[in-house]
Amino acid sequence: MTFECGSDPLFLGLDLSTQQLKIIVTNASLKALNTYHVEFDQQFKTKYSIHKGVIAGEDGEIISPVHMWLDALDHVFEQMKKDNFLFERVAGISGSGMQHGSVFWGSLASSALSLMDSSRPLSECLRDAFALETSPNWQDHSTGAEMRDFEKVAGGPDGLAEKTGSRAHFRFTGLQIRKLAVRSAPETYKATERISLVSSFLPSVFLGEITGIEEADACGMNLYDLSTRQFDDELLAVAAGTHPVLDGVSESERDAGVKELKRKLGQIVPVGYEALGNISEYFCKRYGFKQSTKIYSFTGDNLATIISLPLEENDILISLGTSTTVLLVTEQCVTSSQYHLFKHPTISSAYMGMICYCNGSLAREKVRDELNKKHDCEQDSWEKFNDILDKSKSFDNKLGIYFPLGEIVPSAPAQYMRSAFKNGKVETVDSWEVEEDVTSIVESQTISCRMRAGPLLCSSNTSEAADVKPEFKKIYDDLHETFGAIYTDGKEQTAGSLTSKPRNVFYVGGASKNLSIVNKMSSIFGATKGNYQIEIPNACALGGAYKASWSYYCEEKGLLEDYNKYLRLYSAFDNLEKLPVTDNWADYFPAMGMLAKMESELKHE
Ligand code: ADP
Ligand code: XUL
């Protein structure tokens with residue numbers, strides 16, 4: 001084990017994800033000292049009949065066994081014990097759980113949790129604690145009927161997004177609750193004493209009592225109202241299966257249903273540093289934690305990712321993995337049915353915007369493969385692709401849309417579209433050389449992010465053309481004159497949203513290693529401060545450990561320290577190297593007009 005001697009406090013950050021449980025250990029200087037993990041398929045495949053951590057059922061149902069997570073927790077702690085891990089030095093624990101997943105506790109849960117016998121494994125102690133032994137997983141697609149119900153009641157996708165931060169999604173917890181209550185197992189719903197998210201399940205186990213749902217992660221339920229910061233009664237009625245219009249019940253049945261679901265969900269745990277309580281005796285006796293070990297609220301995995309860095313307002317983190325995920329910190333409560341808005345997990349006034357695209361790396365790989373075939377290059381090489389990209393300096397009035405898979409944003413089936421801007425008009429082009437596709441795919445993917453991030457950036461407050469910063473006035477006026485009003489996802493872009501710029505952009509994930517792609521993207525985004533290519537191994541677990549450490553610090557000092565300021569007390573973040581980027585932001589104004597026009601012409605099923 002690699003721990004220095006002494007009695008400095010240690011912090012644990014857990015990450016309970018689809019395929020594994022990971023624990024990272026940090027010290028009070030935010031140094032990651034060690035990680036431990038268990039892969040579910042490696043350890044529990046036969047016991048729980050899982051494949052890639054889940055069980056696929058009928059009609060798109062995807063579930064995870066809850067007992068497996070308890071086994072996983074014991075397994076990792078046993079591993080740590082064998083490694084002579086100093087459990088007694090742990091001062092605080094926090095972490096993350098995959099978003100949207102829920103746990104349905106039964107009537108025996110509270111007593112089982114409070115009476116856990118440290119000589120027996122967790123799963124045995126909590127054998128009778130669940131009304132449902134499986135948890136709906138975020139990959140589930142079985143709630144089509146519920147999706148329609150939620151949007152019907154909330155005034156369509158935009159109405160629901162305006163209230164809760166997201167339109168209805170199969171995986172969102174409110175829909176999963178309604179499915180259980182109305183369709184799949186009403187008896188189980190009735191027998192459910194409490195409902196946790198994955199992120200509130202783990203701290204409940206640590207505390208030995210059921211804790212409430214953490215506020216930022218609550219935004220992934222389609223039940224939480226961003227403006228009141230509470231669950232919304234009407235949406236609760238839908239989830240409980242007691243909505244007068246949908247379910248034909250009386251007002252009093254509705255009220256009883258809402259009250260009952262509120263009780264099952266418990267109080268929301270607001271964004272903050274206060275401990276939920278101390279670790280339960282079970283863990284002290286079984287593993288040697290000290291009784292004063294604090295348990296802090298856990299949050300969702302994407303939310304934990306953004307707190308693994310001191311991201312400030314207008315900073316963007318782009319994950320260029322198989323898919324592309326854009327995470328953005330903002331104070332603007334600007335919702336859209338095309339992305340998600342969550343409360344920020346450590347900054348009470350802020351939000352996290354999340355845009356998920358299906359067509360990221362795989363779409364670029366298709367272009368690369370075709371290019372390499374044409375030029376007889378090695379199949380997996382990015383050399384030729386990068387060479388072309390590096391040579392393209394500014395926008396050449398050609399743009400493509402590359403959706404080999406159906407896309408989430410904008411919502412559209414698989415298709416391709418190529419267009420050129422000529423004589424003041426956007427004209428469809430049947431085909432062009434694959435070399436054109438290289439620049440075009442990176443440009444259009446970036447412009448899509450830029451247009452959707454725009455309204456969330458703070459300078460987007462400017463709604464009148466007259467208020468646009470003088471240096472941007474001419475390009476904005478030209479854009480407006482050529483393309484007229486520009487709409488993205490049904491909403492008109494304002495002068496401010498079109499001319500806003502991010503502060504920093506951080507690139508992570510597989511394709512972020514490709515500096516040609518990253519440089520091109522950066523030149524289009526026009527970040528005012530810097531662009532960075534970074535690697536954050538175990539980001540969700542690390543974010544959890546940092547949250548524990550920050551919370552502990554605030555509690556010790558008895559004051560709320562700004563989260564990012566706290567992270568910066570430790571200089572690790574100041575060594576990031578800026579990418580040398582040529583800013584071509586202004587050149588890409590016509591590309592925004594073009595993309596908006598092209599998206600309006602996409603085929604729909
Ligand atoms: P995941 O999203 O599954 O966690 P990664 O973050 O590892 O995966 O990203 C995988 C993707 O990264 C692959 O689809 C691949 O196309 C892309 N990738 C990896 N290296 C490069 C590179 N040098 N240039 C462009 N794309 C790359
Ligand atoms: C986010 C989502 C996934 C899960 C699992 O909305 O469904 O990212 O959080 O990682």
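Because the structure is predicted, anything quoted here is derived from the model rather than measured. All ligand and atom numbering here is 1-based and tracks the order in the structure.
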With a 3.5 Å cut-off and sequence neighbours excluded, list the donor-acceptor pairs that the side chains of residues 136-145 form with protein atoms.
unit_1	atom_1	unit_2	atom_2	d
N137	OD1	Q139	N	2.8
N137	OD1	Q139	NE2	2.9
N137	ND2	S64	OG	3.4
W138	NE1	T18	OG1	2.8
D140	OD1	S142	N	2.7
D140	OD1	S142	OG	2.7
D140	OD1	Q176	NE2	3.0
D140	OD2	I62	N	3.0
D140	OD2	S142	OG	3.1
H141	ND1	Q139	O	3.1
S142	OG	K179	NZ	2.9
T143	OG1	F170	O	2.7

Taking heavy atoms and a distance under 4.0 Å, where does K513 meet ligand 1: side chain, backbone, both or neither?
neither

Distance under 4.0 Å to a non-hydrogen atom of G321: what atoms of ligand 1 satisfy this?
2 (O), 5 (P), 6 (O), 9 (O)

Sub-4.0 Å heavy-atom environment of ligand 2, residues by chain:
M98, Q99, H100, W138, R171, D301, N302, M354

What's the verdict on side chain to side chain donor-acceptor pair (under 3.5 Å) for K547 and S297, showing C-alpha distance, side-chain angles and the deciding distance?
CA-CA 9 Å; K547 181 169 187 282; S297 58; 2.7 Å; yes

Do me a favour and list the nearest non-hydrogen protein atom to atom 27 (C) of ligand 1 with residue, atom name and distance?
A511 CA, 3.5 Å

Atom 24 (N) of ligand 1 protein-contacted, heavy-atom criterion under 4.0 angstrom
yes

Which of the atoms in ligand 1, numbered in the order shown and given with their element, are less than 4.0 Å from a heavy-atom of G509?
6 (O)

What pairs of residues pass the ring-ring contact (aromatic ring centres under 6.0 Å, His included) test when at least one of them lies in residues 349-378, not counting sequence neighbours?
none

Option passing side chain to side chain donor-acceptor pair (under 3.5 Å) with K163 (candidates D158, D232, T335):
D232

Could you identify the single nearest non-hydrogen protein atom to atom 17 (C) of ligand 1 and state the distance to 0.1 Å?
S361 OG, 3.6 Å

Does a side-chain heavy-atom distance below 4.5 Å link D437 with F385?
no

What residue and atom, counting heavy atoms only, is the protein's closest point to atom 2 (O) of ligand 1, and at what distance?
T322 N, 2.8 Å

Taking all non-hydrogen atoms of both residues into account, name the closest pair between P404 and N359 and its distance.
CD-OD1, 3.2 Å

For H67 together with F130, are the ring centres under 6.0 Å from each other?
yes

Please list, one pair per line, the donor and acceptor atoms closer than 3.5 Å that link side chains of residues 530-538 to other protein atoms, with sequence neighbours excluded.
unit_1	atom_1	unit_2	atom_2	d
N531	OD1	S522	OG	3.4
N538	OD1	K22	NZ	2.9

With respect to E365, determine whether any N or O atom, backbone or side chain, lies less than 3.5 Å from an N or O atom of ligand 1.
yes

Check the orientation of F172 and H340. Use parallel for under 30°, tilted for 30 to 60°, and perpendicular for over 60°.
parallel

Using a distance-only test with no angle check, is there a side-chain donor-acceptor pair under 3.5 angstrom linking E214 and S200?
no

So which protein heavy atom does atom 6 (O) of ligand 1 come closest to, and at what separation?
G510 N, 2.9 Å

